[in-house]
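Working notes, structure below.
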Amino acid sequence: MARRLDCREADFEASFAALVEERREETHDVRDTVSGIIARVRGEGDAALVDLTRHFDRLELTPATLRVTGEELRAARDACTPEDLRALETAAARIRAFHERQIPKDERWTDAQGVRLGMVWKPIDAVGLYVPGGTAAYPSSVLMNAIPARVAGCRRLVMVAPTPEGRVNPLVLAAAAVAGVDEVYRIGGAQAVAALAYGTSTIRPVDKIVGPGNAWVAEAKRQVFGRVGIDMIAGPSEIVVVADGGNEPAWIAADLLSQAEHDTRAQSILITEDAGFAARVEAEIERRLETLSRGAIAKESWRAHGAVIVVASLEEVPALVDRLAPEHLELAVPDAEAMAARITHAGAIFLGPWTPEVIGDYVGGPNHVLPTSRTARFASGLAVHDFLKRTTLLGCDAASFRALAPAAGRLARAEGLEAHALAVEGRLVE
Ligand SMILES: NC(=O)c1ccc[n+]([C@@H]2O[C@H](COP(=O)([O-])OP(=O)(O)OC[C@H]3O[C@@H](n4cnc5c(N)ncnc54)[C@H](O)[C@@H]3O)[C@@H](O)[C@H]2O)c1
Ligand SMILES: N[C@H](CO)Cc1c[nH]c[nH+]1
Ligand SMILES: [Zn+2]
C-alpha cells in the first residue's frame, strides 16, 4: 500500500514536505557510477562501449556492430504488422502537426533611434536522441524525440537505444525510419550519453542530447551538460491524478498504475477530497498489481514512492500541486479547465476524465518527454525550440551610433574597461 496523507492530520505538513523533497534518482551511488562510466568512455572510446554494453545489457558487440545498418532498419519495418505501422503513422502525424505550430518567427525591426534590431532562429547541427529501452521498448519516444528535431531542421539526428540481450523491438526501428533518424546505435545508459557527448572512433559527437531515460541516463545528461546542450532532466515518470469522488475507481487506478509500471523509481500520486473513493482506488490498485505483466515494477514504485492525499476541499489542490510540480497532472474533476488555470507548475496537464495521461504518451500531439523531479518549476516539455538556437542582430548607422555611443562610453569607463570606452570614443572623433 502507498502512504496515505490526510490534510486534517496534525503531521500533514511534515509528511507532505517530505514527499516534495523525496529524491528518487539523484543519489550518491548513481552520481559516482555515472562519473566512472563517463570517464571510461572518454578514455577508452568504443572499447568501453563494448564492455559496458556486455555488462549492463548482456549483449556482445564489436565497434562494427554498434551501429544498426540500413538493411536492419528496412527488415524491422517489414517485420511490423500493418496495424502497428498505421498506429505509428497516426501518432507521427499528430505529433508533427502539434510541433509545427511551435516554429518561432524570426523578427527584424528598426527602433526610434534608427537602430536595426532582430533575432533569428537556426537549427542545431547534430542532435543525439536518447530512446529508453532497459525494461520496456519505446517507439513512441523515438517519434517524440525525432519529429521536433526534423521540424526544426537539424541536419544530423543520431539515436541511441539499448537492446538488452540483443532484443530489438522492430517498431522502435520502424519509428526511426518514419521520423527520419540518420544514425541508430544499439547502446544505452550513461555510456551512450557519454559517447554522444564526447564521441568515439565509431560515433561522431553531437551538439545537444535530448530524451528521457532512467536515473543513470538523467544523471549522465546532468554531467555532460556544458560539453553539449541538454533538453532537461526527463527521468523516471511521475503522475499526479486529481479526482473527485464521482470518478470510476478502476479508471483512476489504471491511470496511476500506467506511470508506476515504467520504473521502480516512478511516482504516482492521487489527490482526492473523498476518503472512501481513495480507499476504492487503493483496493483496485492492489487487485491489479497481482495480474499486471509489469506488476513487480509497478508494485515497488507504488509501495516506495506512491501516495494518496486526502484534502478537505479541492480548493486546496492548486497550491499542493504547485509544490509537487509534477511531470503529468491529470484533472478528473468537473471543471478541469478552471482548475488548470490555477496551476503554475506542471509539465503537462490532462483535462477531464476522458483524457487519461496515456493518450498524451502516444497520440495526443504534445510531447511526452517532460521534466521530472520537480524541474517543471523551471523547465518545459521537449519542443521545437530545444532544437533551435537564437542569434541576435544589431546594426547602427553613423547617426544611431552617435546617439548611443555616449552612454556606452560612460558605462565602459564606469566599469574601468578603457579599451571598451575607446572603441566608441574613437568613432566619435570627427
Ligand atoms: N520523463 C519522461 O519524459 C519519460 C518518457 C519515457 C520514459 N521515461 C522513463 O525512462 C525510463 C526508462 O528506463 P529503462 O531502465 O527502461 O531504460 P533506459 O534506456 O533509460 O536505461 C537502461 C540502461 O540503464 C543502464 N543501467 C541500468 N542499471 C544500471 C546500474 N545499476 N548502473 C548503471 N547503469 C545502469 C544500463 O546501461 C541500461 O542500458 C523510465 O524511468 C521511464 O519512467 C521518462
Ligand atoms: N509516460 C512516459 C513519460 O513519462 C512516456 C511513455 C512512453 N510510452 C509510454 N509512456
Ligand atoms: Zn507512460
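We count ligands from 1, going down the list as the structure has it; atoms in each ligand are counted the same way.
- Using a 3.5 Å distance cut-off with no hydrogens or angles, the side chains of Tyr138 and His368 do not pair a donor with an acceptor.
- Note that Arg265 lies in the cation-pi zone of Trp216, set by a 6.0 Å cut-off to the ring centre and a 45° limit from the axis.
- Electrostatic pairing of Glu183 and Arg155 does not count as a salt bridge here, judged by no charged N lying under 4.0 Å from a carboxylate O.
- For the Zn ion (ligand 3), protein N, O or S atoms closer than 2.8 Å were enumerated as His262 NE2, Asp361 OD2, with waters left out.
- A salt bridge does not link Asp111 with Arg116: none of the charged nitrogens is closer than 4.0 Å to a carboxylate oxygen.
- The ligand atoms of ligand 2 that sit less than 4.0 angstrom from a heavy atom of Ser140 are 7 (C), 8 (N).
- Tested against Asp106 for a side chain to side chain contact (heavy atoms under 4.5 Å, CB included), the candidates Leu393, Val120, Thr391 yield a single pass: Val120.
- Heavy-atom separations between His328 and ligand 2 include at least one value shorter than 4.0 Å.
- In summary, the side chains of Glu316 and Ser313 do not present any donor paired with an acceptor at a separation below 3.5 Å, with no hydrogens or angles considered.
- Of all atoms in ligand 2, listed by their number and element, those nearer than 4.0 Å to a heavy atom of Glu357 are 1 (N).
- Relative to atom 10 (N) of ligand 2, the option among Val369, Asp361, Val131, Asn367 with the closest non-hydrogen atom is Asp361.
- Side-chain contact, Arg294 with Thr135: a donor N or O sits under 3.5 Å from an acceptor N or O.
- The residue among His368, Gln259, Met144, Glu327 with a heavy atom at the shortest distance from atom 1 (N) of ligand 2 is Gln259.
- Taking a heavy-atom cut-off of under 4.0 Å, ligand 1 is surrounded by Thr33, Phe56, Asp57, Tyr130, Pro132, Gly133, Gly134, Thr135, Ala136, Pro162, Gly188, Gly189, Gln191, Pro212, Gly213, Asn214, Trp216, Val217, Ala234, Gly235, Pro236, Ser237, His262, Asp263, Glu327, His368, Val369, Leu370, Thr372.
- Here the heavy atom of the protein found nearest to atom 2 (C) of ligand 2 is His262 NE2, 3.4 Å.
- Between the side chain of Glu72 and the backbone N or O of Thr69, at least one donor-acceptor pair lies under 3.5 Å.
- Listed by number with element, the atoms of ligand 2 under 4.0 Å from a non-hydrogen atom of Tyr138 are 7 (C), 8 (N).
- Taking a cutoff of 4.0 Å between a charged side-chain nitrogen and a carboxylate oxygen, Glu165 and Arg54 do not qualify as a salt bridge.
- Among protein heavy atoms, atom 9 (C) of ligand 2 sits closest to Tyr362 OH, 3.3 Å.
- A salt bridge is absent between Arg31 and Glu219: the closest approach of a Lys/Arg side-chain nitrogen to an acidic carboxylate oxygen does not fall below 4.0 angstrom.
- Judged purely by distance below 3.5 Å, without hydrogens or angles, the side chains of Gln259 and Glu238 never pair a donor atom with an acceptor atom.
- A donor-acceptor contact under 3.5 angstrom links the side chains of Glu22 and His305, judged on distance only.
- Exactly one residue among Arg288, Arg4, Arg303 makes a salt bridge (Lys or Arg N to Asp or Glu O under 4.0 Å) with Glu282. That residue is Arg4.
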